[in-house]
Amino acid sequence: MHEYTSRARVWGLSCPGFPEEVSRARRWTRDILRGSPLAEDAELIVSELSANAILHTASGQAYGSFHLAVAVSAQVVALSVTDDGGAGTAPKVEHRNQDAEHGRGLGMVSAIAHRVVVHESDQGHTVTAELYADVRRGGHLC
């Protein structure tokens, strides 16, 4: 996409709430961002957010699902995962020690992403992680 283009391209994928769908979401994201310097980080973020949806919400229960959106512009890659709700609280960053088996995922996402936003609705939660394109010399975005 040309660096002065302001329009984003958006892709969407709905997945049943099975653990093997996390790898499908990861591959799908990798295919969309093939050749982008942000692809590896995006793939890791999608993997973590998708796994969290399955493990911690109704998305991982019978007939559950999660939904992934990838928006790409010259300035940003935004990765959103929406779950089916059912968790008592909205996802939040928890600061756990490195030996903790659970509770570190969203903290890792927030360390990789430039911005993380959690939106709560009656239908569930959407976690959006944004990765910003690097700024080249002269102030132009890659």
Side-chain angles (χ1 to χ4, degrees), residues 1-61 64-142:
M1 189 174 282
H2 190 274
E3 66 183 272
Y4 297 112
T5 302
S6 61
R7 292 183 34 186
R9 295 192 66 195
V10 181
W11 291 263
L13 177 68
S14 292
C15 298
F18 303 129
E20 58 270 20
E21 292 296 312
V22 173
S23 63
R24 177 178 169 217
R26 197 171 45 242
R27 282 190 313 272
W28 182 76
T29 302
R30 182 176 53 237
D31 288 346
I32 290 170
L33 296 174
R34 189 172 312 265
S36 168
L38 301 175
E40 200 170 295
D41 286 344
E43 189 178 343
L44 180 61
I45 288 169
V46 163
S47 182
E48 187 59 41
L49 296 180
S50 299
N52 283 351
I54 291 170
L55 289 172
H56 302 296
T57 74
S59 293
Q61 297 175 3
S65 62
F66 64 95
H67 311 281
L68 174 60
V70 176
V72 180
S73 74
Q75 297 83 16
V76 66
V77 171
L79 310 150
S80 298
V81 174
T82 302
D83 63 43
D84 283 346
T89 60
K92 63 181 178 290
V93 175
E94 296 183 21
H95 300 287
R96 304 265 176 121
N97 69 37
Q98 291 181 350
D99 297 331
E101 291 184 28
H102 301 288
R104 297 180 310 149
L106 201 51
M108 179 184 63
V109 168
S110 68
I112 296 169
H114 293 96
R115 185 176 125 160
V116 176
V117 177
V118 177
H119 176 75
E120 189 171 1
S121 73
D122 292 338
Q123 291 77 35
H125 305 96
T126 300
V127 180
T128 301
E130 297 176 353
L131 297 169
Y132 301 149
D134 292 333
V135 177
R136 291 188 214 160
R137 289 183 198 157
H140 296 103
L141 296 173
C142 298

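Note that the structure is a prediction, hence the values are computed from the model and not measured.
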Checklist outcome for this item: When every non-hydrogen atom of Thr128 is compared with those of Ala78, the smallest separation belongs to CG2-CB, 4.3 Å
Checklist outcome for this item: Closest non-hydrogen atoms of Phe66 and Pro16, given as atom of the first, atom of the second and distance, are CE2-O, 3.7 Å
Item to check | More than 12 heavy atoms of other groups within 6.0 Å of His119 NE2 | outcome: no
Item to check | Point-to-point distance, once rounded to the nearest 0.5 Å, from CG of Leu68 to CH2 of Trp11 | outcome: 12.0 Å
Checklist entry - Looking at side-chain heavy atoms only, is the closest gap between Leu106 and Leu49 below 4.5 Å? => result yes
Checklist outcome for this item: d(Arg24 CZ, Glu21 CD) to nearest 0.5 Å is 4.5 Å
Next on the checklist: For the NE2 atom of His125 and the OG atom of Ser59, what is their distance to the nearest 0.5 Å?
Outcome noted: 10.5 Å
Item to check | Minimum-distance pair of heavy atoms, taken over all atoms of Glu130 and Val76 | outcome: CB-CG2, 3.9 Å
Next on the checklist: Can you give me the closest heavy-atom contact between Ala39 and Leu33, atom names plus distance?
Outcome noted: CB-O, 3.5 Å
Checklist outcome for this item: Distance col, row Leu79:CG vs Glu48:CD, nearest 0.5 angstrom, shows 13.0 Å
Checklist entry - Are any of the side-chain heavy atoms of His67 and Asp84 separated by less than 4.5 Å? => result yes
Checklist entry - About how many Å separate OG of Ser110 and CZ of Arg115, when rounded to the nearest 0.5 Å? => result 13.5 Å
Checklist entry - Do Trp28 and Val70 have side-chain heavy atoms sitting under 4.5 Å apart? => result yes
Checklist outcome for this item: What one should report as the nearest heavy-atom pair of Leu38 and Tyr132 is CD2-O, 4.0 Å
Checklist entry - For the atom pair CZ (Arg26) and CD (Glu43), what is the distance rounded to the nearest 0.5 Å? => result 6.0 Å
Checklist entry - Does any non-hydrogen side-chain atom of Ile45 lie less than 4.5 Å from one of Val109? => result yes
Checklist outcome for this item: What one should report as the nearest heavy-atom pair of Ala113 and Ala129 is CB-CB, 3.9 Å
